[in-house]
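Below is one structure, written out as structure tokens; the observations come after it.
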Amino acid sequence: QIPDPVLGAWTKGFPARAAGLRLSEVAGAGLRLSDLVTPVLTVHEDAVAHNEDTVFAWAREQGVLLAPHGKTTMAPALWQRLLDAGAWGISVATPWQAEVAVDAGVHTVLIANAVTDAAAVRRLGELLAADETLRVLCWADSLAGVAILAEGMRDAVRPLDVLVELGGAHGRTGARTVAEGEGIAQAISAVPRLRLAGVTGYEGPFGPDRSAESVAAVDAYLRTIIELHHRLEYPEGVRPVLSAGGSSFPERAAAVLASESAAADVVLRSGAFQIHDDGFYSRMSPFGPLTGTAPLRSAMHAWSRVVSQPEAGLALLDAGRRDVPFDIDLPVPQTVEGEITALNDQHAFLRLGEGAAVAVGDVVRLGLSHPCTAFDKWRVVAVIDAPDADDPRVIGAVATCF
């Protein structure tokens with residue numbers, strides 16, 4: 001089920017005249033950006049399509065598969081675009097997100113995390129029993145975690161696919177050594193309703209930047225995934241999954257893991273590429289010269305109105321921490337020279353550049369960093385045709401499930 005709610009006063013950013021419209025009716029309502037109520041988040045259709053085309057074409061050339069991380073947007077309509085483009089499945093972070101994906105019609109759901117709630121595991125077993133076309137995969141990085149999975153799946157009728165998660169020193173989760181990973185794999189194989197399905201991990205902690213040292217550390221870590229994979233014995237008929245590749249180092253995951261693609265599904269989980277940004281991922285994403293592709297484009301912007309100019313060189317905008325991400329970078333003004341220096345709950349402090357001027361009531365476009373913490377502040381996001389137009393058309397909307 002793709003959410004299609006009726007808009008109302010609860011729909012932040014949409015005008016009163018949109019109340020009563022179904023989400024699916026927004027495209028034909030004749031709305032313009034100027035009709036929306038600031039602060040408002042928008043998605044740019046052309047940029048989304050460009051990013052999807054770029055990354056899926058690259059993945060096909062590399063011989064790798066994509067299971068984009070759905071937690072980035074938690075927007076089933078945007079997930080469906082990814083599936084239509086050829087995604088192997090959708091990744092999620094929690095059992096609840098997995099249930100949202102199943103309800104949205106996703107048939108291959110990769111929970112990129114250990115599931116250590118026995119009740120949640122039982123629910124996964126129920127979902128598998130209700131739909132023979134459904135495949136759910138999750139991770140395990142400890143014997144204790146395997147025991148919880150075993151308890152939750154004790155009465156299941158179909159097996160749960162489990163990947164051994166391998167980490168490393170100073171990483172995030174994951175077994176810290178290949179030998180430890182082997183022991184976890186043996187424990188999985190000993191449980192009738194669990195099926196050993198591959199090896200996985202997250203390379204992000206090993207490369208905080210794009211320096212040569214970071215790339216070397218990421219590559220070394222990815223090679224340990226292959227080492228563990230070669231040591232495992234998989235059940236008959238199982239084509240193992242090797243999965244890594246967040247949004248910062250997908251090209252390294254492809255370069256190292258694709259050597260195994262003849263006998264395994266190499267699945268990258270990059271999720272931010274569909275939306276991209278004007279901050280962290282614009283600095284970290286390899287797409288462009290490193291991959292020989294076109295660079296990705298930010299497909300999200302916030303639009304915020306000047307509400308006060310209490311002193312020279314300072315303007316207060318109506319977008320704050322409730323509206324825009326701030327966990328990695330502060331927003332960047334794009335239609336006036338200046339800098340956002342601080343955010344309150346409902347205000348942004350805009351220090352104007354020399355010679356720059358705004359008036360109370362003016363609207364400022366903001367570039368944002370980190371789509372994961374932009375979308376979680378919005379239940380409905382307007383889709384526009386061209387952010388550089390004088391007054392962009394609203395050509396649709398997507399609902400989020402946070």
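Computed from a predicted structure; not experimentally measured.
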Candidates Leu82, Leu66, Val109 - the one meeting side-chain contact (heavy atoms from CB on, under 4.5 Å) with Ile90: Leu82

Side chain to side chain, Leu352 and Gln309, heavy atoms closer than 4.5 Å: yes

Ion pair check, Arg393 and Glu45, cut-off under 4.0 Å: no

Side chains of Thr42 and Pro387 in contact at under 4.5 Å (non-hydrogen atoms): no

Full working for side-chain contact (heavy atoms from CB on, under 4.5 Å) between Arg297 and His276: CA-CA 6 Å; Arg297 292 157 47 190; His276 199 52; 5.7 Å; no

Glu337 atom CD, neighbour heavy-atom count above 12 within 6.0 Å: no

Val48 side chain near Gln274 side chain, heavy-atom distance below 4.5 Å: yes

Heavy-atom side-chain contact between Leu110 and Ser243 under 4.5 Å: yes

Arg305 (side chain) donor-acceptor with Gly361 (main chain) under 3.5 angstrom: yes

Donor-acceptor contact below 3.5 Å, side chain Asn113 vs main chain Ala93: yes

Distance in Å, Phe249 CZ paired with Leu290 CG, rounded so as to fall on 0.5 Å steps: 10.0 Å

Pairwise side-chain contact, Trp303 with Val364, heavy-atom cut-off 4.5 Å (strictly under): no

Arg351 bridged to Glu311 by N-O distance under 4.0 Å: yes

Stepwise salt bridge (charged side-chain N to carboxylate O under 4.0 Å, His left out) check, Arg252 with Glu203: CA-CA 9 Å; Arg252 298 317 311 155; Glu203 74 285 350; over 6 Å; no

NZ/NE/NH1/NH2 to OD/OE distance under 4.0 Å, Lys12 and Asp323: yes

Straight-line distance of Thr177 OG1 to Leu228 CG, nearest 0.5 Å: 9.0 Å

Distance (rounded to the nearest 0.5 Å) between Leu36 CG and Leu41 CG: 11.0 Å

Heavy-atom side-chain proximity of Ser214 to Pro208 below 4.5 angstrom: yes

Atom pair CZ/CG of Phe349 and Leu314 - distance to nearest 0.5 Å: 7.0 Å

Val398 side chain reached by Thr73 side chain, heavy atoms, under 4.5 Å: no

Any pair counted as salt bridge (charged side-chain N to carboxylate O under 4.0 Å, His left out), so long as it reaches residues 176-186, sequence neighbours left out: Glu182-Arg231

Compile the donor-acceptor pairs under 3.5 Å between side chains in residues 163-172 and protein atoms, sequence neighbours left out, one pair per line.
from	atom 1	to	atom 2	distance (Å)
Glu165	OE1	Thr173	OG1	3.3
Glu165	OE2	Thr173	OG1	2.5

Name of the residue among Val363, Val307, Ile340 meeting side-chain contact (heavy atoms from CB on, under 4.5 Å) with Leu317: Ile340

Atom of Ser34, atom of Asp391 and distance for their closest heavy-atom approach: OG-OD2, 2.6 Å

Glu132 side, atom CD; His107 side, atom NE2 - distance, nearest 0.5 Å: 13.0 Å

Contacts of type ring pair (Phe, Tyr, Trp, His ring centres under 6.0 Å), residue Trp88, not counting sequence neighbours: none

Aromatic ring pairing Phe206/Tyr221, orientation class (parallel under 30°, perpendicular over 60°, tilted between): parallel

Arg365, CZ atom: more than 12 neighbouring heavy atoms under 6.0 Å: yes

Atom pair CZ (Arg135) and CG (Leu128), whose distance is rounded to the nearest 0.5 Å: 10.5 Å

Side chain to side chain, Glu339 and Leu330, heavy atoms closer than 4.5 Å: no

